[in-house]
Chemist: 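Here it is: the structure, laid out below.
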Protein chains: 4
Amino acid sequence: MTSAGQARGRKRDSRVDQALIAATQELLLEVGYAKLTVDAIAARAGVGKAAIYRRYATKQEMTFAAAIHDLTLEPPPDTGSLRGDLVALIEDIVSSLANGPAAAAVPGLLADIHGDPALTARFLNTFVALERTYIVGVLKRAQGRGEIGDVPDPDLVHALLLGTVFASLFLLGVGSDGLAQRLAALVAAALVGPHAASDA
Amino acid sequence: MTSAGQARGRKRDSRVDQALIAATQELLLEVGYAKLTVDAIAARAGVGKAAIYRRYATKQEMTFAAAIHDLTLEPPPDTGSLRGDLVALIEDIVSSLANGPAAAAVPGLLADIHGDPALTARFLNTFVALERTYIVGVLKRAQGRGEIGDVPDPDLVHALLLGTVFASLFLLGVGSDGLAQRLAALVAAALVGPHAASDA
Amino acid sequence: MTSAGQARGRKRDSRVDQALIAATQELLLEVGYAKLTVDAIAARAGVGKAAIYRRYATKQEMTFAAAIHDLTLEPPPDTGSLRGDLVALIEDIVSSLANGPAAAAVPGLLADIHGDPALTARFLNTFVALERTYIVGVLKRAQGRGEIGDVPDPDLVHALLLGTVFASLFLLGVGSDGLAQRLAALVAAALVGPHAASDA
Amino acid sequence: MTSAGQARGRKRDSRVDQALIAATQELLLEVGYAKLTVDAIAARAGVGKAAIYRRYATKQEMTFAAAIHDLTLEPPPDTGSLRGDLVALIEDIVSSLANGPAAAAVPGLLADIHGDPALTARFLNTFVALERTYIVGVLKRAQGRGEIGDVPDPDLVHALLLGTVFASLFLLGVGSDGLAQRLAALVAAALVGPHAASDA
DNA sequence: AACTAATCGAGACGGTACGTCCGGTCTTGCA
DNA sequence: TGCAAGACCGGACGTACCGTCTCGATTAGTT
């Protein structure tokens with residue numbers, strides 16, 4: 001066990017947890033990351049600031065938890081082809097980043113992660129690691145089907161998929177219409193040859 | 001024009017400009033973006049805060065100017081092949097983002113850009129537009145050589161190149177060793193066929 | 001009556017009462033009134049905060065109770081002379097205020113009393129009223145002995161005795177060595193003539 | 001000089017000083033010492049909190065300064081008799097403590113003084129020392145007139161005068177009507193004989 | 001012996017004030 | 001007018017404390 005000592009005293013109120021997450025998400029959508037304040041979160045949640053700092057060491061951790069709370073990456077389904085699998089995977093990534101409170105928080109959150117080693121570790125160990133696992137799975141499946149020979153470096157593929165989505169959304173502001181299909185076509189073409197991209 | 005009125009009084013001291021840029025760059029490296037303060041910049045530069053705000057409207061503009069001050073994207077040379085051109089282009093992007101004060105400022109600056117339309121516009125009109133021009137040039141050159149048929153959507157290629165570099169450096173933390181070569185190989189393969197990737 | 005309902009359930013643990021008083025007194029001596037906190041009292045006493053607030057409505061009441069807990073004003077003995085009686089009375093007042101936890105609490109407690117009508121009433125009805133009764137007794141006894149003619153205003157005498165002691169201890173910081181004798185001499189002289197002061 | 005380095009930069013705005021003192025005094029009268037908050041003072045004065053803490057290290061110092069600001073003890077006039085001089089002196093003390101913001105602050109301020117050595121020193125060196133000087137003057141004048149023989153301990157007289165007034169106002173709550181006359185009569189009687197008290 | 005109800009230590013809860021810090025503006029005196 | 005120094009307002013931060021409430025475990029008196 002993480003703690004041998006028996007827990008005593010009043011238990012954390014799970015409604016407070018929920019209220020905090022909900023209030024933070026609402027405020028992210030309403031005022032954005034830059035104007036998010038701890039006092040406003042507490043007031044919106046009907047909660048004292050102490051209840052926040054009992055759960056999270058800093059405002060950044062609180063926001064990280066709220067933004068990430070209902071992001072659930074689905075394991076990519078076996079669509080029968082590498083390209084189909086990639087489309088599903090990319091669409092999941094896009095929907096994670098493009099909608100809801102997460103979209104409002106991502107740029108600010110990224111900055112905060114790059115200034116807090118603890119947050120960096122948590123981010124890498126949850127999202128990044130999971131996404132990488134899925135990518136490895138998709139690539140191995142393609143190898144099993146005979147679509148590709150050697151499995152390429154999963155980190156490169158990861159950077160390529162996640163980075164392209166991220167750049168479209170937050171760096172270039174060019175939108176993501178049809179991004180999943182076009183990006184999947186390109187990646188599949190790179191791995192198995194351009195003819196794979198022509199049967200779109 | 002703003003400069004139509006005849007200039008009166010003392011002229012701006014260009015040493016102040018230089019000292020500000022230098023101080024900001026030093027502090028970015030020493031304490032990082034999150035702990036960068038205007039007072040510290042002024043103190044380090046031996047300058048009053050008014051001198052800063054006479055030049056820049058906000059701390060974000062000041063930091064933006066300092067971070068990109070000595071970033072110069074070179075027009076990609078004609079290496080004779082699409083892949084060679086891409087390698088050169090990507091290496092330039094990597095060197096822009098991976099070293100010096102810019103690397104320390106990028107995540108924070110990105111957050112600030114996403115909250116200031118003026119800064120967003122400046123960012124898009126300088127860096128993004130220039131990079132896109134270079135990409136279009138490389139692709140057209142490849143078409144001229146007959147390496148590729150149709151020119152693909154330059155925005156997608158842009159997102160792919162810039163995003164992959166960005167993700168490697170700031171999202172996944174997997175480093176960028178050999179990134180330019182491997183990424184260029186992959187992209188070239190996607191556009192002209194996997195055989196292009198085998199002659200690495 | 002409030003106690004008409006039949007008592008049910010567990011009885012108050014008298015050891016808790018004692019531990020609270022003791023812990024408060026210790027902390028008053030150690031950290032002083034200003035830095036006294038309810039949490040610290042509870043921790044020192046090995047007691048939950050609820051046990052405190054089951055007994056006292058506010059921190060002020062708790063401290064009041066602890067500070068005056070072992071203060072017992074003795075009825076002044078008949079020493080045979082007004083001056084002797086006054087000396088005994090003043091010495092009792094001094095010993096109440098100058099020693100132990102009470103001395104550490106008095107200035108802070110006075111401030112709190114002046115902001116809580118309930119506490120004001122309790123203070124006036126216990127300490128002040130009792131002291132006044134003793135003063136009246138001493139003065140009547142002196143009148144009976146023929147030392148003085150009319151009995152002076154007991155409130156003025158009270159203010160004079162208590163106030164002088166208080167000022168010496170808490171306002172001027174000049175100590176109280178020999179204060180009882182010298183003050184009693186002065187008061188006796190004022191009431192019966194200065195010759196009474198010469199036989200010190 | 002206390003500081004050899006030449007002062008540079010913007011000067012303290014004396015209107016801020018005045019506004020702070022005035023706001024604190026108003027709030028003392030309106031809400032009392034216990035409910036006085038720094039934020040309320042700043043808001044009332046139209047001032048940032050930093051401007052307060054640039055001038056005073058703590059809330060207590062700020063309140064001390066405001067309560068004491070327009071308390072000016074007049075040197076007691078020569079009325080021709082010890083008793084007259086005492087009446088004037090006591091009335092000055094009463095008017096200092098009984099009216100205005102000081103009256104609202106005194107109990108709380110006293111508690112704070114007894115918890116801050118710096119404030120204690122300032123209090124002793126200003127008010128207490130000045131008052132003592134005046135008392136010594138009055139007593140010496142009486143000696144010069146031949147009203148009294150030896151000059152009694154000025155600290156005892158000080159404690160007696162100040163303490164009696166203080167106790168009447170803040171300890172016993174019996175008011176101070178005619179206090180100056182009656183107390184002066186008593187003290188004069190103690191020093192020169194009770195016959196002096198009969199010609200009231 | 002089972003039930004009931006108030007007590008216990010521990011500690012989370014809402015609220016409020018504290019003193020600190022920082023961003024962007026303004027003022028002073030010198031050059 | 002520019003400039004260094006630094007005071008100014010506004011407002012968010014994270015901490016501390018008060019008095020209340022909740023938890024699970026005692027500890028009595030009542031059935």
Side-chain angles (χ1 to χ4, degrees), chain A residues 5-13 15-16 35-43 45-59, chain B residues 7-13 15-16 35-43 45-60 62, chain C residues 6-13 15-16 35-40 42-43 45-60 62, chain D residues 5-13 15-16 35-43 45-59:
Chain A
Q6 69 180 118
R8 305 238 289 170
R10 183 173 176 176
K11 290 179 179 166
R12 297 271 174 90
D13 188 340
R15 288 171 311 183
V16 171
K35 294 189 177 176
L36 189 67
T37 70
V38 175
D39 286 273
I41 294 172
V47 144
K49 285 209 290 178
I52 295 179
Y53 285 105
R54 212 174 281 122
R55 290 167 169 74
Y56 307 100
T58 62
K59 173 188 171 187
Chain B
R8 303 230 298 164
R10 187 172 170 177
K11 285 181 181 165
R12 297 259 176 99
D13 187 341
R15 288 171 310 178
V16 170
K35 294 188 177 176
L36 189 67
T37 69
V38 175
D39 287 271
I41 294 172
V47 143
K49 287 210 292 178
I52 294 179
Y53 286 102
R54 217 174 282 123
R55 290 167 170 75
Y56 307 98
T58 64
K59 173 191 171 184
Q60 284 74 36
M62 155 94 257
Chain C
Q6 68 181 116
R8 304 236 294 169
R10 185 174 174 175
K11 286 183 178 165
R12 297 265 175 92
D13 187 339
R15 288 171 309 181
V16 169
K35 294 189 178 175
L36 189 67
T37 70
V38 175
D39 287 86
V47 144
K49 287 209 294 177
I52 295 179
Y53 286 102
R54 218 174 279 121
R55 290 166 169 78
Y56 307 98
T58 63
K59 173 191 171 185
Q60 285 73 37
M62 156 94 257
Chain D
Q6 69 182 116
R8 304 240 289 171
R10 184 172 173 176
K11 291 181 178 163
R12 297 270 173 89
D13 187 339
R15 289 170 311 183
V16 170
K35 295 189 177 176
L36 189 67
T37 70
V38 175
D39 286 273
I41 293 172
V47 145
K49 285 212 288 181
I52 295 180
Y53 286 103
R54 212 174 283 123
R55 290 167 168 75
Y56 308 99
T58 63
K59 174 188 171 186

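In what follows, chains are A, B, ... by sequence order, proteins preceding strands, each numbered from 1. Since this is a predicted model, take the numbers as computed values, not measurements.
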Chemist: Return yes if the base of dT7(E) and the side-chain atoms of R10(C) contain a donor-acceptor N/O pair under 3.5 Å, otherwise no.
Modeler: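 By the distance-only test, yes, there is a pair.
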Chemist: DNA chain F: A45(B) or K49(D), which has the more 5' nearest nucleotide?
Modeler: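 Of the two residues, A45(B) wins.
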Chemist: Pick the nucleotide of DNA chain E nearest each of A51(A) and L36(D); which residue has the one closer to the 5' end?
Modeler: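 Its nucleotide being nearer the 5' end, the pick is A51(A).
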Chemist: Closer to the 5' end of DNA chain F via nearest nucleotide, is it A57(A) or T37(A)?
Modeler: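 Counting from the 5' end, the first nearest nucleotide belongs to T37(A).
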Chemist: Going by the rule salt bridge (charged side-chain N to carboxylate O under 4.0 Å, His left out), which residues pair with R15(C) if we only count those two or more places apart in sequence or in a different chain?
Modeler: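 With neighbours one apart ignored, the set is D13(C).
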Chemist: Are any of K11(C)'s side-chain N or O atoms less than 4.0 Å away from OP1 or OP2 of dA28(F)?
Modeler: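 Answer is no, no contact under 4.0 Å.
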Chemist: Does any non-hydrogen side-chain atom of V38(C) lie less than 4.5 Å from one of M62(C)?
Modeler: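 Side chain of M62(C) against side chain of V38(C), heavy atoms only: no contact under 4.5 Å found.
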Chemist: Can you find a side chain N or O atom of R55(B) that sits less than 4.0 Å from OP1 or OP2 on dC3(F)?
Modeler: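 Looking at the OP1 and OP2 atoms of dC3(F), one of them is under 4.0 Å from a side-chain N or O of R55(B).
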Chemist: Once you round it to whole Å, what is the distance between P of dC13(F) and CD1 of I52(A)?
Modeler: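 The distance from CD1 of I52(A) to P of dC13(F) comes to 9 Å, rounded to the nearest Å.
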Chemist: Without decimals, in angstroms, what is the distance between R15(A) CZ and dA12(E) C1'?
Modeler: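 Result: 12 Å.
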Chemist: If you only use heavy atoms from C-beta on, which nucleotide in dA17(E), dC8(F), dC8(E) is closest to the side chain of D13(D)?
Modeler: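 Comparing dA17(E), dC8(F), dC8(E) against the side chain of D13(D), the answer is dC8(F).
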Chemist: Does R54(D) have a side-chain nitrogen or oxygen under 4.0 Å from the phosphate oxygens OP1 or OP2 of dC8(F)?
Modeler: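 So the side-chain polar atoms of R54(D) do come within 4.0 Å of the phosphate oxygens OP1 or OP2 of dC8(F), strictly under.
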Chemist: With I52(A) as reference, evaluate I41(A), V16(A), T58(A) under the side chain to side chain contact (heavy atoms under 4.5 Å, CB included) test and give the passing residue.
Modeler: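 Result for side chain to side chain contact (heavy atoms under 4.5 Å, CB included) with I52(A): I41(A).
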Chemist: It should be established whether Y53(A) places a side-chain nitrogen or oxygen under 4.0 Å from OP1 or OP2 of nucleotide dG14(F).
Modeler: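 The answer is yes; a side-chain N or O of Y53(A) sits under 4.0 Å from OP1 or OP2.
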Chemist: Rounded to the Å, how far apart are R12(D) CZ and dC9(F) C1'?
Modeler: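 After rounding, the gap between these two atoms is 15 Å.
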Chemist: Applying salt bridge (charged side-chain N to carboxylate O under 4.0 Å, His left out), name anything that partners R55(D), two or more places apart in sequence or on another chain.
Modeler: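 R55(D) satisfies salt bridge (charged side-chain N to carboxylate O under 4.0 Å, His left out) with D17(D) only.
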Chemist: Please give, in whole Å, the distance from dC8(F) P to D39(B) CG?
Modeler: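 Computing the D39(B):CG to dC8(F):P distance gives 15 Å.
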Chemist: dC8(E), dG19(F), dC13(F): which one has an atom nearest the side-chain heavy atoms of V38(A)?
Modeler: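 That would be dC13(F).
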Chemist: Can you identify which nucleotide, out of dG2(F), dG14(F), dC8(E), has its nearest atom closest to the K59(A) side chain?
Modeler: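 Per side-chain heavy atoms of K59(A), the pick is dG14(F).
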Chemist: Could you tell me which non-hydrogen atom of G48(A) sits nearest to which non-hydrogen atom of A42(A), and how far apart they are?
Modeler: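 Nearest pair, atom of G48(A) first, then A42(A): C-CB, 4.3 Å.
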Chemist: Using the closest heavy atom to pick a nucleotide of DNA chain E for each, name whichever of Q60(B) or A42(C) lands nearer the 5' end.
Modeler: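 Its nearest nucleotide lies further toward 5', so the answer is A42(C).
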